[in-house]
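Just below is one structure, and these are the notes that go with it.
Counting starts at 1 for both ligands and their atoms, in listed order. None of these values were measured; they are calculated from a predicted model.
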Amino acid sequence: MGEPRRIVLKMSGEALASAASDETIDAATVERMAKEMARAMDGGGLELAVVVGGGNIWRGRTGESGGMDRATSDAMGMLGTVINALALQDALEQQNQPTRVLTALSMAEVAEPYIRRRAIRHLEKGRIVIFAAGMGNPFFTTDTPAALRAAEIGAELLCKGTHSGVDGVYSADPKLDPTATRYDEISFMEVISRDLRIMDLTAITFCKDNNLPIRVFDLMIPGNIPRALSGERIGTLVR
Ligand code: UDP
C-alpha cells in the first residue's frame, strides 16, 4: 500500500442538527456521521482531519444583524464550533476511533491547542483530528480555516460536504432553475467568474492559489462520506 491519503473534510454545523427532532445536535445524526468516518478509516489508507462549522448554534452574521459587535458575535460562533467538535469526538470515540480536538482559541481544559506539527503527528498515528474554533479570528466562516488547515497539513484534497440537498456544483441554483446541470468537474476560475457559491469566495480563492482541489458532495446521503474520502467521483471536483 502506498502513502495514506490525507484529506480535510469540511462539514457544516447544521449537518449535525435535525429539523425533524428540532435538535441543535441530533445524537442519531452525529452517530451516523461518526460511523461513516470510522468506516472510511478502516484499512488504514486515510489520514482524516475534520473542520466542523457552528451554524446550528450561532453565526456571526446573525448577531451582527441584530446590532451586536461583529467580533463578539463571531467569537460566539467559534465557540459553537467547539461544542460541535466535542459532540463529534465523543461519537467517534464510541466507534473506537481515536480522535483529537485541536482548537484555534485556547481552552486547554477541554481540547488541545492547535499546533500544526502536533496535528500532523496525530494524523500519522491514525487519529482523526477535528479542527475547532475556526481560525481563531473573527470575520471568517469555517470554510476558510478548512482550506487553510488543509494547506498547512499538506492535504491533497478538501472535501466539502453539503447538507442543503445540493449534491455538487450546478450551472445555476438547482432549487430555483430546473434546467441547472451539475458539473462533474469545474475549474476554480469558472466557479469564481460565474459566482457559483459553493463555499466562501475567500476559501475558494485560497484553494485556487494553493492548488488545493475541492470535492463538493452531499454529506446527508448515507454512504457518501466513505465514498468521497476514498476518492470516488461523486458530486463535483473543483480544481
Ligand atoms: N467563525 C469565525 N472565524 C472563523 C470561523 C468561524 O469568526 O475562523 C465564526 C463565524 O461567526 C461563523 C461561525 O463561527 O458564522 C460559525 O461558523 P460557520 O458559519 O462557518 O458554520 P457552518 O455554516 O459551517 O455551520
Ring centre gap for Phe131 and Tyr114 strictly below 6.0 Å | yes

Can you tell me which residue and heavy atom of the protein come closest to atom 1 (N) of ligand 1, and the distance to 0.1 Å?
-> Phe140 O, 3.2 Å

Return yes when Gly80 approaches ligand 1 closer than 4.0 angstrom through a heavy atom, no otherwise.
-> no

For ligand 1, is any non-hydrogen atom under 4.0 Å from Pro145's backbone (N, CA, C, O), its side chain (CB onward), both, or neither?
-> side chain

In terms of atom number and element, which parts of ligand 1 are under 4.0 angstrom from non-hydrogen atoms of Trp58?
-> 13 (C), 16 (C)

Any N/O of Met135 closer than 3.5 Å to an N/O of ligand 1?
-> yes

Using a heavy-atom cut-off of under 4.0 Å, does the side chain or the backbone of Thr144 touch ligand 1, or both, or neither?
-> neither

With a cut-off of 4.0 Å, which atoms of ligand 1 are near a heavy atom of Gly55?
-> 21 (O), 22 (P), 25 (O)

Heavy-atom check, side chain of Thr236 versus side chain of Asp184, under 4.5 Å | no

Any ion pair linking Arg61 and Glu64 (charged N to carboxylate O, less than 4.0 Å)?
-> no

Which ligand 1 atoms are under 4.0 Å away from a heavy-atom of Gly53?
-> 21 (O), 22 (P), 24 (O), 25 (O)

Atom 15 (O) of ligand 1 - nearest protein heavy atom and its distance = Gly60 N, 3.1 Å

Answer yes or no: does atom CZ of Arg197 have more than 12 heavy-atom neighbours from other residues, nucleotides or ligands under 6.0 Å?
-> no

Tell me which protein heavy atom sits closest to atom 3 (N) of ligand 1, plus the residue, atom name and distance to 0.1 Å.
-> Asn137 O, 2.6 Å

Among all protein heavy atoms, pick out the one at the shortest distance from atom 21 (O) of ligand 1; state its residue, atom name and that distance to 0.1 Å.
-> Gly54 N, 2.9 Å

Polar contact flag for Ala133 and ligand 1 (N/O pairs, less than 3.5 Å) | no

Determine, stepwise, if the pair Thr179 / Asp177 fulfils side chain to side chain donor-acceptor pair (under 3.5 Å).
-> CA-CA 5 Å; Thr179 67; Asp177 182 351; 2.6 Å; yes

Per-atom filter on ligand 1: closer than 4.0 angstrom to a heavy atom of Pro138 are 7 (O)

Over 12 non-hydrogen atoms of neighbours within 6.0 angstrom of CG in Asp195 | yes

Quick look: Lys10 vs ligand 1, heavy-atom contacts under 4.0 Å, and the answer is side chain

Going by the order shown, which atoms of ligand 1 are within less than 4.0 Å of some heavy atom of Gly134?
-> 4 (C), 5 (C), 8 (O)

Least distance between heavy atoms, Pro213 atom then Arg239 atom | CB-CB, 3.9 Å

Cut-off 3.5 Å, side chains only: do Thr24 and Asn56 have a donor facing an acceptor?
-> no

Short N or O distance, Arg59 and ligand 1, threshold 3.5 Å exclusive = yes

What are the atoms of ligand 1, with element, lying closer than 4.0 Å to any heavy atom of Ser12?
-> 24 (O), 25 (O)

Measure the distance from atom 18 (P) of ligand 1 to every protein heavy atom, then report the residue, atom name and distance (to 0.1 Å) of the closest one.
-> Thr142 OG1, 3.5 Å

Return yes or no for this condition: an N or O of Ala75 is under 3.5 Å from an N or O of ligand 1.
-> no

Nearest neighbour in protein (non-hydrogen) for atom 13 (C) of ligand 1 = Gly77 CA, 3.6 Å

So among Leu157, Val50, Ile153, which one has a side chain to side chain contact (heavy atoms under 4.5 Å, CB included) with Ile7?
-> Leu157

Option nearest atom 7 (O) of ligand 1 (shortest heavy-atom distance, choices Leu105, Leu16, Asp74, Asn56) = Asp74

